[in-house]
Structures are given as structure tokens and as C-alpha cells.
Undergrad: 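This structure is in C-alpha cells; I'll ask about it shortly.
Computed from heavy atoms alone, side chains included, the values below leave out hydrogens, waters and symmetry copies.
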Amino acid sequence: MDRQMTARAVLTGMGIAAGVGLYGLSQLAEAGSLAGRPLLAVASFVFCFFTALMLMTGPLSAARAALGALLIAAGVTVMSGFAALGFVRAEDVLDSPHAVLGSVILALLPLPFWIASHRGGWRNYAALFGESWAMVVRALAAWAFVGLVWAVILLSDALLKGVGIGLIDRVMDLGPTSWLVTGGALGLGLAVVQELSDVVSPSLILRFLRLLLPVVFVVSGVFLLALPVRGVSGLFGGWSFALTLLAMAGASTALVTVVVDQDDTEAARGRVLTGMAQAMAVMLPVMAGLGAWAVWVRVVQYGWTPERVFAAQVAALGVGYGALYALAVLRGAGWMARVRQANVGMAMVVMAMALLALTPVLSAERLSARSLMARLEDGRLPVAALEPGLLDRWGIPGARAREMLEARAAEPGQEDLARRLALAAPQGGAADRDTVLGALVGLLPLQPEGATATRDMYLGALDDYRLTALRESCARQMPGGGAGCVMVVADLVPGLPGEEALLLDYGPGGFVQFTGFRNDPVSGPTIRDVMPANGVLPQHEDGAALIRAWQAAPPATMPLAVNQLSLPGGGGLILAP
């Protein structure tokens with residue numbers, strides 16, 4: 001077997017091994033044999049190890065790639081496990097974008113450094129730049145090959161089924177077959193792309209990206225020139241504009257890096273393009289600084305949240321890149337070399353920041369919970385700003401903040417805080433449903449107040465999803481005050497035994513939902529549509545005013561006159577209002 005076929009066999013075998021490993025993990029998790037923190041640790045190691053192994057095999061020998069993959073996977077597994085300690089359930093760490101992104105950065109960013117360490121040193125910028133972009137190209141091309149393989153399989157299966165042969169379908173349903181096919185195709189694709197590294201290179205992508213620099217330069221220049229005339233007040237009108245500034249600063253950083261390339265030989269040579277890159281590097285700290293300022297204004301106004309912690313980290317990186325790039329240009333000749341050195345240093349800063357994000361030092365959940373409690377304590381944040389489910393998303397720091405708030409809610413005069421904290425646990429069983437119902441009963445205004453038996457009967461007819469949505473509506477403050485729901489019990493259908501009910505709840509977009517209930521003699525409590533007797537159902541401000549009015553006093557009932565056309569043998573036909 002020649003060297004080329006050996007390389008293909010090795011990478012294909014790695015892909016198959018990865019497929020077997022992931023299939024085994026899925027089976028163990030499904031059977032309940034592996035769960036919680038052990039499952040998170042094993043899954044993190046398998047994902048990181050095989051990702052690093054397959055991306056580095058080719059540029060490095062399989063043995064060197066395996067050693068690097070082992071070290072990187074072990075580090076990510078330890079740190080992700082450390083981050084999971086901040087959550088009651090280990091799997092909840094996957095709902096934290098902050099922790100997930102930090103783990104991804106630590107799994108991928110060290111790869112070019114490991115490769116470069118075997119090619120003249122880990123600070124060899126030409127190797128770092130070239131291998132980083134080469135890995136992107138190899139991964140994209142290999143996954144495109146996986147897509148083509150599955151397209152051929154599906155088309156072949158459809159063709160054979162036309163003559164009554166379902167063999168392919170039955171084979172694909174056997175155990176890990178689909179995992180093996182995907183993994184093997186991915187490994188084979190990576191091997192073939194590596195063989196054609198001289199043909200399938202990042203050069204084409206980099207040349208295309210350079211063409212975008214003039215567009216970004218002109219737009220950024222117009223923005224900065226118009227800023228003194230228009231003022232900075234528009235920068236702080238919305239959260240999205242801060243993110244837009246930071247995204248544009250990130251795009252500018254990437255385009256300057258592309259122009260500089262891996263060395264002076266490959267760098268752009270045209271005076272226009274290099275001049276724009278220099279000007280863009282000088283403008284970069286201004287744009288990143290404005291983005292950081294906009295983020296800080298939001299933090300001062302509303303406090304920390306995981307989203308704002310992430311935006312602040314991006315802003316800090318943008319300011320760091322901008323300052324180093326501008327300094328490199330302003331120092332004169334040799335600015336491209338200094339930009340490359342800055343990229344190496346900032347890559348280390350990114351990894352350090354990702355590492356700290358998995359520890360309590362930069363834990364977005366811990367910082368957010370501490371900020372929330374401080375702002376509630378000094379009155380800068382009203383109780384009404386506590387969103388339903390907010391603390392449940394912040395792991396153990398959020399749970400501790402809840403305990404402190406619940407203790408405060410038990411004090412006299414804290415009824416509003418008690419109502420806002422009546423949030424149910426995640427659904428998943430009868431006990432959780434009882435918790436939702438219990439919280440909802442404490443939140444739902446009822447008219448008349450003594451109709452609790454009818455209320456409980458009709459609430460029991462709601463499914464889990466509707467109960468949770470109703471609980472969130474009731475915990476939501478409407479504009480002008482008042483809980484976002486009310487139930488009115490009355491004898492609305494005199495021909496049926498018992499009482500009926502009408503439920504109004506105020507949704508997050510200001511939409512008021514009307515739900516009717518009646519106790520059918522055959523099917524029991526059922527949900528009914530609510531139709532307006534004359535006109536349309538009130539919505540938005542009118543709906544909120546109606547909810548507040550019915551919370552204050554039960555509405556009067558009045559008969560609705562309806563004529564019917566009699567039918568032979570009894571009964572009749574009516575027109576629905």
C-alpha cells in the first residue's frame with residue numbers, strides 16, 4: 001500500500017472510530033448507564049480528541065497529532081467539568097453559550113499552535129496563519145464531501161425502492177451504520193483535501209476577502225466622518241447598535257489580517273489596498289472604543305447579564321486588537337510584521353479569556369447574579385424587572401440569588417416580590433406539573449375569589465405547555481401595572497350544570513389571549529373558543545385595561561338574545577355571533 005492510500009486509510013479509520021465512539025455515547029446516554037458529570041466529561045473528551053486528531057493528522061504525523069489531541073482534549077474536559085460545577089445539573093452547562101463558546105475556543109485555537117511548534121516554533125506566524133486557514137478549508141471541503149456521500153446514498157435508496165428493493169434503507173437503520181458512514185466519509189474527505197493542499201488552498205478565499213476591504217473601509221470612514229456632525233446619542237439608543245459596531249470592528253480586524261497575510265512575500269502589494277489597510281488599522285480602535293462605550297452604558301443602566309458579559313469581552317478584545325494595530329501602523333516601516341506579532345499575542349489573550357470564562361473569575365452567571373442582587377438591594381432595579389425564568393438560567397449563582405430573594409419575599413410588605421418569584425421548575429413529570437399549578441394558583445387573580453374549586457378544575461384541563469405559558473403571563477407586569485392574567489367564573493351557559501370560566505392572559509408582545517372553559521356532561525372540562533358578541537375582542541392597551549378592571553371586581557353577566565330557525569322534530573339553527 002503506497003503512502004497516499006495509507007494516509008487515506010488512517011484518516012478514514014479515525015473517522016469510523018469517532019463515529020463508533022459517538023454512537024456508543026448516545027446508546028449509553030439513552031440507556032441511562034452514563035449521565036450527569038461523567039457523561040459530560042466523556043462526551044467532551046471524545047468530541048475534542050477526535051476533532052483535534054483528524055484536523056492535525058496530515059500536517060503532522062498521526063502520533064504527533066494524537067499526542068496534541070490528547071493534551072488539548074484533556075484540558076478542555078477538565079475545564080468544562082469545572083464550569084459545570086456552577087450548575088445544579090451538569091448538562092445545564094450546555095445551555096450557557098458563554099461556557100460552550102469558551103470550550104470551543106480552547107478546543108480549536110491551540111491546534112495551529114501545536115502544529116507550528118513542530119515547524120520552527122509555536123510563534124512561527126507563517127505556520128500559524130497558513131495552518132489556521134488550511135484547517136478551515138479542509139473542514140469545509142470534507143463536510144461538503146460528506147453531504148455528497150449522503151446525497152448519493154439517498155438517491156440510490158430512492159431508485160432501488162422504485163423496483164421494490166429496500167436494502168439500503170434497512171442497512172442504514174442498523175445500529176451505528178449512519179455514524180460509521182458519516183465518520184468514514186469525513187476522514188476520507190480530509191485525507192483527499194490534504195493530498196491536494198497545493199490545489200485546494202486558502203489563497204482563493206483570502207483573495208476574495210481582500211476585495212471586501214474597500215467596502216468596509218468606505219462604510220467605516222463615512223460613519224466616523226458623520227459622527228461629529230450627527231453626535232453619539234444614536235449609539236446608545238439600542239443594544240443592537242453596540243453589537244453592530246463590535247461586529248464591524250471584528251470584520252475590520254480580519255480584513256487587515258488578510259491583507260498582511262503570513263509574510264511579506266504573500267502580503268498584498270498594491271498601494272491602494274495596503275493604504276486602506278493602514279487607515280483601517282488606525283480607525284479600528286475608535287470603532288472598538290465606541291462599541292465598548294455603548295456596552296458600558298447599557299451595563300451602567302441595566303447591570304450585567306450573560307449577554308452583556310460576552311459583549312464586554314468582545315469589546316475588550318476589539319480595543320486590544322485596535323490599539324496594537326494602530327500602534328503598529330503609527331510606528332512606521334515594518335508595520336505588517338508588528339501586526340503579525342500582535343495577532344499571536346492577542347490569540348493568547350483570547351485563549352486566556354476563554355479559560356477564565358470557565359472559572360468563577362469570568363463566570364457570566366456569577367457576575368450577572370451578583371449584579372442583579374446589588375441593583376435590587378439599592379433600588380436601581382425595580383422588582384417588576386425580574387423576568388420569568390431569569391434566575392433559573394443562571395445555574396447555582398442564580399439559585400442562591402433566588403434563595404436570598406425568597407427570604408426577603410417572606411417579609412411583610414414584599415407581596416409583589418413574592419409574586420414575581422413564583423416561578424416553576426422545568427417541566428418533566430407529575431411533581432413538576434404540581435409545582436407549576438401551585439405557583440399559578442398563587443399568581444392568578446380570580447373573580448369571584450371564592451370560586452377556587454371551579455378554577456382548579458379548569459386549570460387541570462390545561463396541558464403542561466399552556467400552564468407554563470400562563471404562569472409566565474401571570475408573573476409579567478402589564479404596562480400601567482397589574483398582573484398579566486385574570487380568571488372570571490360565572491354561569492355563562494344556563495343549560496349546563498355548574499359554572500363556566502373565562503381566562504385572559506397578557507402575552508410578551510402585548511397580545512391578550514382569551515380562553516373559555518365549560519364542563520361538558522360527556523367529556524368533562526373542555527377548552528372553548530371565545531367569540532365576541534358584538535365587534536372584536538379587545539387587545540393590547542384595551543385588553544390590559546380589561547384585565548385590570550376584572551381583577552378589581554367581577555364583571556356583571558347579561559343574557560344574549562339569539563333567535564333560531566326551528567327544525568322539524570325539534571331543535572333549530574342559529575347564526576354564531
Side-chain angles (χ1 to χ4, degrees), residues 125 129 132-133 202-264 266-298 310-347 349-350:
Y125 188 79
F129 183 90
S132 297
W133 282 101
S203 299
L204 180 61
I205 296 178
L206 297 178
R207 294 301 186 274
F208 279 139
L209 289 176
R210 288 180 185 178
L211 298 178
L212 298 178
L213 179 61
V215 178
V216 175
F217 170 74
V218 171
V219 172
S220 301
V222 170
F223 168 77
L224 294 177
L225 290 174
L227 197 60
V229 179
R230 298 290 184 176
V232 298
S233 58
L235 299 180
F236 314 116
W239 179 241
S240 60
F241 198 81
L243 299 181
T244 301
L245 271 171
L246 294 176
M248 184 62 85
S252 302
T253 302
L255 293 176
V256 172
T257 299
V258 167
V259 169
V260 169
D261 213 292
Q262 63 182 6
D263 53 36
D264 290 342
E266 299 294 334
R269 298 181 182 180
R271 292 185 178 180
V272 174
L273 201 59
T274 55
M276 287 183 178
Q278 288 177 293
M280 195 77 253
V282 174
M283 291 191 294
L284 183 57
V286 180
M287 298 187 62
L290 288 172
W293 186 14
V295 171
W296 181 246
V297 168
R298 300 291 289 187
F310 172 73
Q313 288 179 302
V314 174
L317 291 174
V319 171
Y321 271 106
L324 292 175
Y325 278 26
L327 185 61
V329 171
L330 294 176
R331 288 177 61 187
W335 69 275
M336 288 188 175
R338 288 190 289 272
V339 166
R340 298 183 192 109
Q341 293 173 1
N343 284 339
V344 175
M346 288 304 299
V349 172
V350 171

Undergrad: Is a side-chain N or O of R338 found less than 3.5 angstrom from the main chain of L324, in a donor-acceptor match?
TA: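 Side chain of R338 to backbone of L324, a donor-acceptor pair under 3.5 Å: no, none is there.
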Undergrad: Under the side-chain hydrogen bond (donor to acceptor under 3.5 Å, both in side chains) definition, can you give me all pairs with a residue in residues 204-225, not counting sequence neighbours?
TA: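 Sorted result for residues 204-225: R210-D261.
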Undergrad: Pair F217, L255 - check side-chain contact (heavy atoms from CB on, under 4.5 Å), show working.
TA: CA-CA 10 Å; F217 170 74; L255 293 176; over 6 Å; no
Undergrad: Counting C-beta onward and ignoring hydrogens, is there a side-chain heavy-atom pair between L284 and V256 closer than 4.5 Å?
TA: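 Side-chain contact under 4.5 Å: no.
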Undergrad: Kindly write out the residues that satisfy side-chain contact (heavy atoms from CB on, under 4.5 Å) with Q313, not counting sequence neighbours, or none if the list is empty.
TA: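 Here the qualifying residues are H98, V309, M353, A357, L362.
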Undergrad: Locate the shortest heavy-atom distance separating T274 from A268; write the atom from each residue and the value.
TA: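 Heavy atoms of T274 and A268 come nearest at CG2-O, 3.2 Å.
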Undergrad: Could you list the residues that satisfy side-chain contact (heavy atoms from CB on, under 4.5 Å) with V344, not counting sequence neighbours?
TA: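 Scan of V344 (side-chain contact (heavy atoms from CB on, under 4.5 Å), adjacent residues dropped) gives F113, W122, R123, Y125, L128.
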Undergrad: Taking salt bridge (charged side-chain N to carboxylate O under 4.0 Å, His left out) as the test, write out the residues that go with D264, two or more places apart.
TA: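 Scan of D264 (salt bridge (charged side-chain N to carboxylate O under 4.0 Å, His left out), adjacent residues dropped) gives R340.
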Undergrad: Sorted by first residue and then second, give each side-chain hydrogen bond (donor to acceptor under 3.5 Å, both in side chains) pair with at least one member in residues 278-289; sequence neighbours left out.
TA: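 For residues 278-289, and leaving out neighbouring residues, there are no side-chain hydrogen bond (donor to acceptor under 3.5 Å, both in side chains) pairs at all.
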Undergrad: Might you point out which heavy atoms bring V329 and A281 nearest each other, and give the distance in Å?
TA: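 The answer is CG2-CB, 3.6 Å.
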Undergrad: Got a sec, which pairs hit salt bridge (charged side-chain N to carboxylate O under 4.0 Å, His left out) with one end in residues 248-260, sequence neighbours left out?
TA: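 Residue pairs passing salt bridge (charged side-chain N to carboxylate O under 4.0 Å, His left out), neighbours aside: none found.
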Undergrad: Would you mind listing every side-chain hydrogen bond (donor to acceptor under 3.5 Å, both in side chains) that reaches into residues 319-330, with sequence neighbours excluded?
TA: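 Matches after skipping sequence neighbours: T257-Y325, Y325-N343.
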Undergrad: Can you check side-chain contact (heavy atoms from CB on, under 4.5 Å) on L246 and V295, steps first, answer last?
TA: CA-CA 10 Å; L246 294 176; V295 171; 4.0 Å; yes
Undergrad: What heavy-atom pair brings L317 and M346 nearest, and what distance separates the two atoms?
TA: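 Closest heavy-atom pair between L317 and M346: O-CE, 3.8 Å.
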Undergrad: Taking all heavy atoms of V319 and all of A292, pick out the closest pair and write down the distance.
TA: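 Nearest pair, atom of V319 first, then A292: CG2-CB, 4.1 Å.
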Undergrad: Looking at every heavy atom in both M283 and G221, which two are closest together, and how far apart are they?
TA: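 M283 and G221 have their closest heavy atoms at SD-CA, 4.0 Å.
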Undergrad: Any salt bridge (charged side-chain N to carboxylate O under 4.0 Å, His left out) involving residues 269-291? Give me the pairs, sequence neighbours left out, ordered by first then second residue.
TA: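 For residues 269-291, and leaving out neighbouring residues, there are no salt bridge (charged side-chain N to carboxylate O under 4.0 Å, His left out) pairs at all.
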Undergrad: Which residue pairs satisfy the salt bridge (charged side-chain N to carboxylate O under 4.0 Å, His left out) criterion with at least one member in residues 246-258, sequence neighbours excluded?
TA: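 Applying salt bridge (charged side-chain N to carboxylate O under 4.0 Å, His left out) to every pair that reaches into residues 246-258, excluding sequence neighbours, yields nothing.
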Undergrad: Taking only residues two or more places apart in sequence or in another chain, which ones pass side-chain contact (heavy atoms from CB on, under 4.5 Å) with P285?
TA: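 Expected list: A326.
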Undergrad: Going by side-chain contact (heavy atoms from CB on, under 4.5 Å), name the residues that satisfy it together with I205, two or more places apart in sequence or in a different chain.
TA: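 Residues passing side-chain contact (heavy atoms from CB on, under 4.5 Å) with I205: W133, V137, L209.
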Undergrad: Do D263 and F129 pass the side-chain contact (heavy atoms from CB on, under 4.5 Å) test, and can you show the C-alpha distance, the side-chain angles, and the key distance before you say yes or no?
TA: CA-CA 9 Å; D263 53 36; F129 183 90; over 6 Å; no
Undergrad: In the structure I gave you, are the side-chain heavy atoms of M248 and V219 within less than 4.5 Å of one another anywhere?
TA: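 M248 reaches V219 side chain to side chain.
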Undergrad: Can you run down the salt bridge (charged side-chain N to carboxylate O under 4.0 Å, His left out) pairs that involve residues 278-296, sequence neighbours left out, and say none if there aren't any?
TA: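 Qualifying pairs: none.
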